[in-house]
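First the structure, in the form of structure tokens, and then the observations on it.
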Number of protein chains: 2
Amino acid sequence: MENGLGAPSKLATQAAEVCLCFHARKASRAITQVFDRILAPTGLKATQLSLLMVVSAREPMRIGDLADALVSDSTTVSRTIKPLIRAGLIQGSIDSEDRRVKIINLSHSGHATLERALPLWQEAQSHIAKRLGGTIVQHLLPALESAAKLGSTDERKQ
Amino acid sequence: MENGLGAPSKLATQAAEVCLCFHARKASRAITQVFDRILAPTGLKATQLSLLMVVSAREPMRIGDLADALVSDSTTVSRTIKPLIRAGLIQGSIDSEDRRVKIINLSHSGHATLERALPLWQEAQSHIAKRLGGTIVQHLLPALESAAKLGSTDERKQ
DNA sequence: ATAATATATGTGCATATACATAAGGTATGG
DNA sequence: CCATACCTTATGTATATGCACATATATTAT
């Protein structure tokens, strides 16, 4: 009653249909694919452009600040900035006040690359907004923002 | 006017605030973190449970079917099932009709593990639904479903 | 029947993600 | 002053993700 023949678990089937994690990840993959395709001429991936945008808005930042802003682990940020540092778009320097801290800034080149990428970002954003329709987008953005807060409000460490 | 001193690009700052890709990925990370934490006792990650749920609902499947269902690349699926095959939860066999095709099924153990994980899945799902509130969830799920369709409807191959 | 073409999956490479843990630096109590 | 606890970032390991390309198989055109 399990393999090939029997009916699939009804609960499992329903779970797949409403799972918030599954749907969030699927949607996130689809949206990222569109952004990556449109951003390809810039040499940036969608994830990297997001990083540049956040740093640009809030520099100077620490690794930990960035991790909080991205709802990501600081070990992840420590690595995801590496390709951008290697590419000369981001520079990291040790804080002279507290030498544990690495201070993150955009370089000249980083600012320039960001500005050059923004028109294509706008194109991707509009492309998706048009396909989804204004109503869905207006519901989606605030809902995503609420969901992103789950990490911080949640009893993460307990 | 760019580094450390000057004001950040206003457009870049606004872009970060409304970027659908950034917010989708951030929300997806936050939700995945909650699921992963609650699912930890099962030994499954949220991504892996999703995979089991989809296969359970639609087995037997091909790699390509799975990729379509997940809005993922087939090369990605080809790899993401490997830990599950190694763990004995999924089995893949070559289709005798068309030997290019690999047929994916859940094993006994895969079905059992899935059933054992569903209560914790339910707990994670309810946990998040409660925190978000019914209104947001009711808007979020259909919006995510629309967004997931971007990949397929889009002029992906153009 | 054989060559050209199309399709399904796998590999090489690069990035993204997170947990456990280590390494280095700071702060603090004795 | 030093031992210890704490904080910040990096590393080891494992999985997730996708593009370019390779491989194997099937289909189609000549």
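Just so we're on the same page: letters track the sequence lines, and every chain starts at 1.
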Next on the checklist: Using a strict heavy-atom distance below 4.0 Å, which residues from residues 18-27 of chain B are in contact with DNA chain D?
Outcome noted: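 When residues 18-27 of chain B is checked for heavy atoms under 4.0 Å from DNA chain D, there are no hits whatsoever.
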In whole angstrom, what separates [X]'s [atom1] from [N]'s [atom2]?
{"X": "Ile38(B)", "N": "dA18(C)", "atom1": "CD1", "atom2": "C1'", "result": "17 Å"}
{"X": "Arg37(B)", "N": "dA18(C)", "atom1": "CZ", "atom2": "P", "result": "13 Å"}
{"X": "Asp36(B)", "N": "dC19(C)", "atom1": "CG", "atom2": "C1'", "result": "10 Å"}
{"X": "Ile94(B)", "N": "dT9(C)", "atom1": "CD1", "atom2": "C1'", "result": "10 Å"}
{"X": "Glu97(B)", "N": "dT9(C)", "atom1": "CD", "atom2": "C1'", "result": "18 Å"}
{"X": "Gln33(B)", "N": "dT17(C)", "atom1": "CD", "atom2": "C1'", "result": "9 Å"}
{"X": "Ile90(A)", "N": "dT15(C)", "atom1": "CD1", "atom2": "P", "result": "13 Å"}
{"X": "Asp73(B)", "N": "dG10(C)", "atom1": "CG", "atom2": "C1'", "result": "12 Å"}

With side chains defined as the heavy atoms from C-beta onward, is the minimum distance between [X] and [Y] less than 4.5 Å?
{"X": "Thr80(B)", "Y": "Leu66(B)", "value": "no"}
{"X": "Asn105(A)", "Y": "Val55(A)", "value": "no"}
{"X": "Arg25(B)", "Y": "Ile31(A)", "value": "no"}

[X] side, atom [atom1]; [Y] side, atom [atom2] - distance, nearest 0.5 Å:
{"X": "Leu20(A)", "Y": "Thr32(B)", "atom1": "CG", "atom2": "OG1", "value": "11.0 Å"}
{"X": "Ser28(A)", "Y": "Leu144(B)", "atom1": "OG", "atom2": "CG", "value": "9.5 Å"}
{"X": "Thr47(A)", "Y": "Leu52(A)", "atom1": "OG1", "atom2": "CG", "value": "9.5 Å"}

Next on the checklist: I want to confirm an ordering. Mapping Asp95(A) and Gln48(A) to their closest nucleotides on DNA chain C, which one lands closer to the 5' end?
Outcome noted: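 The 5'-side residue here is Gln48(A).
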Checklist entry - Under 3.5 Å, is there a donor-acceptor pair linking the side chains of Gln122(A) and Ser126(A)? => result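 Looking only at side-chain atoms, Ser126(A) and Gln122(A) do form a donor-acceptor pair, the distance falling under 3.5 Å.
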Item to check | Pair Glu59(A)-His111(A), side-chain donor/acceptor within less than 3.5 Å | outcome: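 Yes, His111(A) and Glu59(A) have a side-chain donor paired with an acceptor closer than 3.5 Å.
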Item to check | Earlier contact from the 5' end, DNA chain D, for Ser96(B) and Ile103(A) | outcome: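 Closer to the 5' end of DNA chain D: Ile103(A).
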Next on the checklist: Applying salt bridge (charged side-chain N to carboxylate O under 4.0 Å, His left out) as the test, list every pair that has at least one member in residues 110-127 of chain B; sequence neighbours left out.
Outcome noted: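 Every pair satisfying salt bridge (charged side-chain N to carboxylate O under 4.0 Å, His left out) with a residue in residues 110-127 of chain B: there are none.
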Checklist entry - What does Thr47(A) touch in the nucleic acid at a heavy-atom separation under 4.0 angstrom: a base, only the sugar-phosphate, or nothing? => result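 Result for Thr47(A) = sugar-phosphate.
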Item to check | For Arg99(B), all residues meeting salt bridge (charged side-chain N to carboxylate O under 4.0 Å, His left out), sequence neighbours excluded | outcome: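 Partners of Arg99(B) by the salt bridge (charged side-chain N to carboxylate O under 4.0 Å, His left out) criterion come out as none, since no residue qualifies.
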Item to check | Contact list for DNA chain C against residues 76-86 of chain B - heavy-atom distance below 4.0 Å | outcome: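 Nucleic-acid contacts, sorted: Ser78(B), Arg79(B), Lys82(B).
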So which heavy atom on [X] is nearest to which on [Y], and how close?
{"X": "Met61(B)", "Y": "Val54(B)", "answer": "SD-O, 4.0 Å"}
{"X": "Ser107(A)", "Y": "Gly88(A)", "answer": "OG-O, 2.6 Å"}
{"X": "Leu114(A)", "Y": "Ala12(B)", "answer": "CD2-CB, 3.8 Å"}

Item to check | Contact interval (first through last nucleotide) of DNA chain D with protein chain A, 4.0 Å heavy-atom | outcome: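 Footprint of chain A along DNA chain D, 5' to 3': dC7(D) to dG18(D).
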Next on the checklist: Atom CD1 of residue position Ile94(B) - does it have more than 12 heavy atoms of other residues, nucleotides or ligands inside 6.0 Å?
Outcome noted: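 No, not enclosed.
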Return the polar atom pairs (N/O with N/O) between nucleotides 22-25 of chain C and the protein under 3.5 Å, or none.
| from | atom 1 | to | atom 2 | distance (Å) |
| --- | --- | --- | --- | --- |
| dG25(C) | N2 | Arg100(A) | NH1 | 3.0 |

